[in-house]
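Order of the sequence lines fixes the chain letters, A, B, ..., with proteins taken first and strands second; residue numbering starts at 1 for each chain.
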Amino acid sequence: MSLYFIKSGLQTSVQDCGRSGQMHNGISNSGAMDPIAMKLSNWLLSKPLDSAVIEVTLVGPKIQFENDMYIAITGAKFELYLNNQLIFNNKAIQIFTGDVLTFGTLQCGARAYIATSIDIDVAKLFNSYSTHLTVNFGGFYGRSLKKGDILALHLPKQKCLYTNTLPKYVDNGYSGSYILRCTSSVETDLFTQRQQNDFSSKKYTVTANSNRMGIRLKEVAMGFEKPIDITSSGLMQGSIQITPSGLPIISSVDGQTIGGYPRIANVITADLAMLGQLKANDKVNFMLISNEKAIEVLKEQYQILNFLYK
Amino acid sequence: MNNDKYRIVPNGDSAITILFNDDISEHLTKRIIGFSLTIKQSLGEALIDIIPAYKSLTIFFNNRIILLDKLIGEIELLLSSPLTEVSYQSKTIEIPVCYEEGYGPDLTSLAQHCKLSVEDVIAGHTQRSYLVHMLGFLPGFLYLGGLSTNLSCPRKSTPAISIPAGSVAIGDSQTGIYPVSSPGGWHIIGRTPLTLFNPNSQTPFIASPLDKIHFVSISKTEFTAIKKSF
């Protein structure tokens with residue numbers, strides 16, 4: 001029972017919802033960078049939503065299946081081929097032993113997720129199957145998959161009897177230009193009103209240095225008359241830190257748990273999944289909103305995607 | 001909420017950070033750790049994680065269960081009674097460090113900067129015991145307090161691309177050990193053969209907050225022997 005990686009892709013790894021509750025030990029959450037797309041792939045196969053999946057980044061893999069099963073691919077849109085036949089994402093796909101799945105050109109977004117009806121066989125560490133790629137533990141030997149790897153699957157418990165169909169209202173186009181909504185952070189008050197205005201009036205470009213630790217942006221957000229010195233404290237996912245040279249870094253799933261750069265704002269929970277779909281040269285704007293509004297937006301998201309939040 | 005003892009500020013829409021006005025000290029860390037236990041009991045399943053730091057406590061909560069304003073109210077109530085120090089049986093952990101050539105590439109330059117001999121730096125580093133204020137940054141990284149001011153040295157302007165796991169380093173007024181191989185801007189003065197993060201072990205971390213760390217100088221031969229024994 002396995003998947004054979006004929007090609008690995010750029011950064012293909014085993015992920016799930018991540019390991020929460022370990023930040024006080026220095027262990028970041030990890031897990032899928034777009035948890036909505038990740039859960040959706042499991043939902044399409046009627047699997048527990050936190051089952052381990054394969055995260056694909058920018059350049060996808062080529063995989064041979066050693067068993068009959070179903071798969072579902074969600075998130076970033078790629079040209080997809082099954083034995084050279086064009087197939088589509090966001091639906092269950094029946095696979096027969098020997099079939100070969102090929103990821104072609106990326107059309108939009110940055111990360112896709114492959115769910116398999118048969119569970120991926122990797123060990124749980126700190127209650128998660130996810131791979132921490134900067135520290136190299138968890139998932140498949142703590143690393144991304146390489147050409148020639150064989151990813152083991154469990155013995156199927158039962159046949160995949162029924163699959164779900166994506167509701168039409170779930171829009172998952174990725175335009176490449178995004179507004180990230182954010183709320184106040186620990187050091188927001190230490191920035192001048194002018195600096196805060198500068199920050200939210202600019203359009204930023206995502207740089208190629210971005211990864212699962214953080215999204216690094218081009219375009220200086222602001223100048224500093226004097227540096228903001230802070231004592232390091234707990235750093236949440238989505239924190240927008242401003243480096244001494246004025247460049248913003250948005251902390252992400254594999255980011256450090258304690259940080260020393262001042263934070264001007266934090267991306268709201270409802271928009272965190274979008275960070276997983278940012279790629280080099282995408283454009284980003286920030287919009288500061290109230291905490292009440294952030295919770296309202298989150299509630300709307302829960303309502304629209306209620307099948308992902310059981 | 002602002003007063004002379006602390007400030008509570010939002011840290012996004014699912015966390016708050018309590019910033020204490022006191023100076024960094026063992027006493028403050030004992031109260032922070034003590035308070036984190038109180039919060040754990042009080043919040044129950046609404047709490048996702050709680051991250052102590054030098055002068056702060058970050059509370060990561062489930063905003064589907066509790067709202068930020070309500071949480072701030074609850075925390076203020078808990079803070080209205082005086083914070084008591086946690087009663088914790090502090091362990092002293094000896095960490096063997098090889099300061100010899102090839103293990104501490106920046107030892108000589110740091111000694112020059114501090115206008116000390118290499119022997120003085122090693123003596124200064126091994127004489128004291130250091131308090132673990134918190135874990136963070138990387139898995140198992142210990143934030144230590146108590147470095148002699150004579151040994152402080154500004155961070156490198158260009159961080160090294162890859163520092164081997166176990167490297168013992170000084171950056172500004174802090175000393176620490178890189179638990180895993182990573183980039184970093186601190187000055188490497190030695191290396192420990194111990195593994196600071198063992199994800200597969202029952203005890204993945206070498207120390208907890210409020211433990212004490214004592215560095216012990218070892219030779220290359222001892223380094224190799226300890227490394228082999230793992």
Residues B:D13, A:T269; criterion side-chain hydrogen bond (donor to acceptor under 3.5 Å, both in side chains); working and verdict = CA-CA 7 Å; B:D13 65 11; A:T269 306; 2.4 Å; yes
Contacting moiety of [X], where chain B heavy atoms sit under 4.5 Å:
{"X": "A:E187", "result": "neither"}
{"X": "A:I240", "result": "neither"}
{"X": "A:I295", "result": "side chain"}
{"X": "A:S239", "result": "side chain"}
{"X": "A:N25", "result": "both"}
{"X": "A:T231", "result": "side chain"}
{"X": "A:N136", "result": "neither"}

Take a 6.0 Å sphere around [atom1] of [X] and say whether it holds more than 12 heavy atoms from other residues, nucleotides or ligands.
{"X": "A:L190", "atom1": "CG", "value": "yes"}
{"X": "A:K293", "atom1": "NZ", "value": "no"}
{"X": "A:Y141", "atom1": "OH", "value": "no"}
{"X": "A:K146", "atom1": "NZ", "value": "no"}
{"X": "A:R216", "atom1": "CZ", "value": "no"}

Aromatic plane relationship, B:F197 with A:F137 - under 30° parallel, 30 to 60° tilted, over 60° perpendicular =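 Perpendicular, since the angle between the ring planes exceeds 60°.
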Least distance between heavy atoms, [X] atom then [Y] atom:
{"X": "A:S233", "Y": "B:A53", "answer": "CA-CB, 3.8 Å"}
{"X": "B:G136", "Y": "A:I258", "answer": "CA-CD1, 4.1 Å"}
{"X": "A:G21", "Y": "B:D49", "answer": "C-OD2, 3.2 Å"}
{"X": "A:M236", "Y": "B:I51", "answer": "SD-CD1, 4.5 Å"}
{"X": "B:P139", "Y": "A:I27", "answer": "CB-CG1, 3.7 Å"}

Report which part of [X] has an atom under 4.5 Å of a heavy atom belonging to chain A: side chain, backbone, both, or neither.
{"X": "B:I16", "value": "neither"}
{"X": "B:P204", "value": "side chain"}
{"X": "B:I59", "value": "neither"}
{"X": "B:F137", "value": "both"}
{"X": "B:L19", "value": "side chain"}

[Y] side chain reached by [X] side chain, heavy atoms, under 4.5 Å:
{"X": "B:I50", "Y": "A:H24", "value": "no"}
{"X": "B:N11", "Y": "A:R263", "value": "yes"}
{"X": "A:D189", "Y": "B:R7", "value": "yes"}

[atom1]-[atom2] distance between [X] and [Y], expressed to the nearest 0.5 angstrom:
{"X": "A:Q22", "Y": "B:L135", "atom1": "CD", "atom2": "CG", "answer": "10.5 Å"}
{"X": "A:N29", "Y": "B:I48", "atom1": "CG", "atom2": "CD1", "answer": "9.0 Å"}
{"X": "B:H133", "Y": "A:S232", "atom1": "NE2", "atom2": "OG", "answer": "12.0 Å"}
{"X": "B:S56", "Y": "A:I230", "atom1": "OG", "atom2": "CD1", "answer": "9.0 Å"}
{"X": "B:R64", "Y": "A:Y302", "atom1": "CZ", "atom2": "OH", "answer": "4.5 Å"}

inquiry  = Let's go through B:F141 and A:Q256 carefully: what are the C-alpha distance in whole Å and the side-chain angles of both, what is the deciding distance for side chain to side chain contact (heavy atoms under 4.5 Å, CB included) to 0.1 Å, and is it a yes or a no?
reply    = CA-CA 11 Å; B:F141 180 83; A:Q256 56 192 67; over 6 Å; no
note = Of A:V267, A:N291, A:T134, the largest count of non-hydrogen pairs under 4.5 angstrom with chain B goes to A:N291
